[in-house]
> 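The structure follows.
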Amino acid sequence: LDDKELEHPPVECVFTTSEEIGLNGAQALDKSQITARTMINMDSEEEGVATVSCAGGLRVQLTRKIERVQAEGTLVQIKAEGLLGGHSGTDIDKERQNANLLMARMADHLLKNTKGLLVNFAGGTKDNAITRECEMSLIYADSAEAQKAEKLACDLAEVFADEITSFEPDFSCEIAVTEGQSAMAVQEEDAKAFVSLMRLAPNGIYRRNIKMNGFVVVSSNMGVVRTEEDYIMVAVSPRSSVASLQEDTKSRFALLAETFGFEIEYSGEYPGWSYAEESKIRDLFVESYRDLFGSELRLEAIHAGLECGLFSEAIPGLDAIAVGPTLNNVHTPDENAPLDSLERFYELLKDVLSRLDLSDGDVWTETVLCGKDAGKKRILSGIFAQDEEQNERPDEKKKENREKSGCEGKSRIFRERIGRIPRLVICGGGHVSAAATKLGKMLGFEVTVLEDRPKFADHVRKAGADNV
């Protein structure tokens with residue numbers, strides 16, 4: 001915004017808040033204020049990659065009222081830590097362990113095989129982050145039972161290590177035993193319901209698209225779990241690029257809540273963003289990246305949620321892309337952004353904006369002055385005019401050489417900008433409007449149809465209207 005030399009079309013800048021906890025800022029924004037129909041979302045985490053589709057998601061919170069009882073004896077405290085964690089969308093396919101699930105397995109094992117009471121259980125701070133650490137404490141009136149619990153916990157911790165340290169090398173599990181303690185413990189029935197729900201809740205990947213190289217379609221992440229004074233809570237983040245499967249996931253959690261006596265609440269739901277078969281902004285980024293860096297920009301769909309879905313749903317015809325510099329270890333204490341990647345991304349962004357400025361509706365005539373095609377003429381518009389200009393326009397040195405030596409077997413071209421793409425506005429969306437829309441598109445018009453009836457609006461969209 002401070003770059004005085006930047007060439008660009010009219011730009012609207014939108015800054016949102018609370019993106020990482022449910023896209024809350026984008027949800028609340030009145031998008032009718034936005035007039036732009038092209039969106040460059042600077043929310044991608046790998047240089048050289050552009051996101052062109054994403055999953056929808058929501059937050060599911062399950063809570064249950066509990067009662068606590070006074071208990072005294074030996075306290076056994078267990079803490080799992082050192083896991084890699086990561087983003088519950090982009091890293092869910094890396095099979096990283098969730099500390100909440102490991103501790104739920106530990107709690108289930110100890111409560112079934114020893115006579116103890118659950119005092120505390122806490123793991124995670126964000127539902128969209130794979131939990132890196134979790135801790136739990138149980139109290140035993142009988143010290144012998146506490147010793148048994150310690151032995152069982154140590155054995156199971158070794159099992160965990162054998163299972164996961166090949167891909168979770170820093171995993172550790174600490175166990176501490178303290179005698180002569182008193183605590184307010186969760187009643188046995190409540191603890192059983194709590195642990196059972198965690199053990200049975202969907203987590204990780206449970207639907208892939210095999211035809212798309214195993215692309216993740218449905219997943220869930222148990223991000224936050226905790227016991228409070230008078231309630232217990234589990235928060236999960238389900239994602240899906242297929243709306244019907246997301247509804248199925250919601251029904252599964254509703255069934256779990258009903259089975260184990262929990263209340264369920266859905267919040268922060270946002271739509272997915274479908275891949276567009278045609279995209280001007282995507283084509284410009286691909287061409288610009290190739291010209292600047294000599295390699296191909298990789299296009300991908302991701303399982304994470306992006307604000308593009310919310311904006312595309314609210315703004316019909318929005319042409320969107322998500323790009324950005326490299327970001328490492330997001331949602332962890334080691335998150336960082338390499339400055340050289342930021343610099344290269346800025347060069348890419350500037351180039352695309354300058355191309356947009358050139359390509360925004362321009363119409364050109366082109367005449368071949370000499371060479372084998374001398375005398376031929378054509379009309380170019382939009383990005384095609386810009387492409388030809390980039391390919392054919394000589395730099396000053398080459399221009400000077402040609403003027404000295406003539407065509408030398410090569411074509412010389414005279415190009416003149418003569419105007420903008422014509423626009424056609426149609427009032428009403430009936431069958432005549434649909435036919436007029438098709439005709440207008442055939443003649444090169446940008447077609448806008450004014451229609452507030454959903455059925456008729458869909459009809460002219462299918463006919464090819466640019467704006468409805």
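Numbers for residues simply follow the sequence, beginning at 1.
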> State, with a plain yes or no, whether a side-chain heavy atom of I175 is found less than 4.5 Å away from one of E150.
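Yes, at least one pair of side-chain atoms sits under 4.5 Å.
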
> Heavy atoms only: give me the nearest L318-A36 pair and the separation to one decimal.
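Taking L318 first and A36 second, the nearest heavy atoms are CD1-O, 4.2 Å.
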
> Looking at E347, I'd like to know if its CD atom is crowded, meaning that more than 12 non-hydrogen atoms belonging to other residues, nucleotides or ligands lie closer than 6.0 Å.
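Correct, the count exceeds 12.
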
> What is the distance from atom CD1 of I264 to atom CG of L255, rounded to the nearest 0.5 Å?
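It comes to 10.0 Å.
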
> Look at atom NZ of K31 and say whether more than 12 heavy atoms of other residues, nucleotides or ligands are closer to it than 6.0 Å.
yes

> Which atoms form the tightest heavy-atom contact between L299 and R282, and what is the distance?
CD1-CD, 3.8 Å

> Should we count CD of E188 as having more than 12 external heavy atoms under 6.0 Å?
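For E188, atom CD is not crowded (no more than 12 foreign heavy atoms under 6.0 Å).
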
> Distance only, no hydrogens: is a donor on one side chain within 3.5 Å (strictly under) of an acceptor on the other, for Y206 and R252?
no

> Can you give me the closest heavy-atom contact between C173 and I78, atom names plus distance?
SG-CG2, 3.7 Å

> For residues L29 and F311, determine if any side-chain heavy atom of one lies less than 4.5 Å from a side-chain heavy atom of the other.
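Yes. Closest side-chain heavy atoms under 4.5 Å.
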
> List the steps, then state whether side chain to side chain donor-acceptor pair (under 3.5 Å) holds for R344 with Y289.
CA-CA 10 Å; R344 287 189 295 271; Y289 191 86; over 6 Å; no

> Partners of K441 by salt bridge (charged side-chain N to carboxylate O under 4.0 Å, His left out), sequence neighbours excluded?
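Per chain and number, K441 pairs via salt bridge (charged side-chain N to carboxylate O under 4.0 Å, His left out) with D466.
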
> Could I get the full list of salt bridge (charged side-chain N to carboxylate O under 4.0 Å, His left out) partners for E451, not counting sequence neighbours?
R453

> More than 12 heavy atoms of other residues, nucleotides or ligands under 6.0 Å from CD of Q70: yes or no?
yes

> Please report the shortest heavy-atom distance between G116 and L111, naming the atom on each side.
O-CD2, 3.7 Å

> To the nearest 0.5 angstrom, please state how far the CG atom of D91 sits from the CG atom of D93.
7.5 Å

> So, R208 side chain and G214 main chain: donor-acceptor pair closer than 3.5 Å or not?
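Here the side-chain-to-backbone pair exists.
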
> Can you tell me how far CD of E163 sits from CG of L156, rounded to the nearest 0.5 angstrom?
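Answer for the CG-CD pair, L156 versus E163, is 8.0 Å.
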
> Is E263 atom CD crowded by more than 12 heavy atoms from other residues, nucleotides or ligands, each under 6.0 Å away?
no

> Applying side-chain contact (heavy atoms from CB on, under 4.5 Å) to E46 and R298, what does each step give before you reach the verdict?
CA-CA 10 Å; E46 184 177 355; R298 192 167 87 242; 3.4 Å; yes

> Return the CG to CG distance between L349 and D351, rounded to the nearest 0.5 Å.
9.5 Å

> Looking at K94, I want to see if its NZ is surrounded by more than 12 non-hydrogen atoms of other residues, nucleotides or ligands under 6.0 Å.
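Yes.
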
> Tell me yes or no: between the side chains of S341 and E47, is some donor less than 3.5 Å from an acceptor?
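Note: S341 and E47 side chains meet the donor-acceptor criterion.
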
> Answer yes if the side chains of R239 and S88 hold a donor-acceptor pair under 3.5 Å, and no otherwise.
yes

> Using only atom types and a distance under 3.5 Å, with no angle test, would you say the side chain of Q33 pairs donor to acceptor with the backbone of D30?
yes

> Is a side-chain donor-acceptor pair under 3.5 Å present for Q61 with S267?
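Not at all, the side chains of S267 and Q61 share no donor-acceptor pair under 3.5 Å.
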
> Could you check L297 against R290 for side-chain contact (heavy atoms from CB on, under 4.5 Å), going step by step and ending with a plain yes or no?
CA-CA 7 Å; L297 182 68; R290 184 187 300 128; over 6 Å; no

> Quick check against the 3.5 Å criterion: does E135 have a side-chain atom that pairs as donor or acceptor with the backbone of G123?
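Checking the backbone N and O of G123 against the side chain of E135, no donor-acceptor pair under 3.5 Å is found.
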
> So, T448 and N467: side-chain donor and acceptor under 3.5 Å apart, yes or no?
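Yes, a side-chain donor-acceptor pair sits under 3.5 Å.
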
> If you draw a 6.0 Å radius around CD in E258, do more than 12 non-hydrogen atoms from other residues or ligands fall strictly inside?
no

> Run through D283, L353, L356, L348 and flag the one making a side-chain contact (heavy atoms from CB on, under 4.5 Å) with S288.
L348

> Tell me if a side-chain donor or acceptor on S312 pairs with a main-chain N or O of G309 at a distance below 3.5 Å.
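Flag not set: sc S312 to bb G309 has no pair under 3.5 Å.
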
> Out of the candidates T131, V234, I232, only one should pair with V225 under the side-chain contact (heavy atoms from CB on, under 4.5 Å) rule; please name it.
V234

> With rounding to the nearest 0.5 Å, note down the distance linking CD in E265 to OG1 in T63.
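It comes to 7.5 Å.
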
> Within the structure provided, determine whether Y140 and L110 are in side-chain contact (heavy-atom separation under 4.5 Å).
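Heavy-atom side-chain distance check passes, below 4.5 Å.
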
> Can a side-chain donor-acceptor contact be found between T35 and E12 if the only test is distance below 3.5 angstrom?
yes

> Would you check, one step at a time, whether the test salt bridge (Lys or Arg N to Asp or Glu O under 4.0 Å) holds for K115 with D142?
CA-CA 8 Å; K115 297 178 181 178; D142 187 342; over 6 Å; no

> Checking the side chain of N120 only, and the main-chain atoms of L118 only, is there a donor and an acceptor separated by less than 3.5 Å?
no

> Would the distance check show the side chain of N203 and the main-chain N or O of M222 forming a donor-acceptor pair, the cut-off being under 3.5 Å?
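Between the backbone of M222 and the side chain of N203 there is a qualifying donor-acceptor contact (under 3.5 Å).
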
> Go through the steps for S241 and W273 under the test side-chain contact (heavy atoms from CB on, under 4.5 Å), then give the verdict.
CA-CA 8 Å; S241 52; W273 169 36; over 6 Å; no

> Under the side chain to side chain donor-acceptor pair (under 3.5 Å) rule, what do E300 and T51 come out as? Steps first, then yes or no, please.
CA-CA 5 Å; E300 70 174 18; T51 305; 4.6 Å; no

> Is the NZ or CZ atom of K250 positioned over Y266's six-membered ring, under 6.0 angstrom from the centre and within 45° of the axis?
yes

> For a quick test of reading the model, state the closest non-hydrogen atom pair linking M184 to R68 and the distance between them.
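Smallest heavy-atom distance, with atoms named: O-NH1, 2.8 Å.
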
> Could you tell me whether R64 and D230 have a side-chain N and a carboxylate O separated by less than 4.0 Å?
no

> For F121 and V186, what are the C-alpha separation, side-chain angles and deciding distance, and is it a side-chain contact (heavy atoms from CB on, under 4.5 Å)?
CA-CA 10 Å; F121 195 112; V186 179; over 6 Å; no

> Between R461 and D458, is there a side-chain N and carboxylate O pair less than 4.0 Å apart?
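Between D458 and R461 there is a salt bridge, with a charged N closer than 4.0 Å to a carboxylate O.
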
> Verify whether one side chain among N221 and S237 offers a donor that lies under 3.5 Å from an acceptor in the other.
no

> Which pair of heavy atoms, one from L245 and one from S240, lies closest together, and at what distance?
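For L245 and S240, the tightest heavy-atom pair comes out as CB-OG, 3.7 Å.
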
> Taking the basic N atoms (NZ, or NE/NH1/NH2) and the acidic carboxylate oxygens, is any pair closer than 4.0 Å for K280 and D319?
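Here K280 does not pair with D319 in a salt bridge, since their nearest N and O are not under 4.0 Å apart.
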
> Will you find, in the side chains of S354 and H8, an N or O donor that is under 3.5 Å from an N or O acceptor?
no

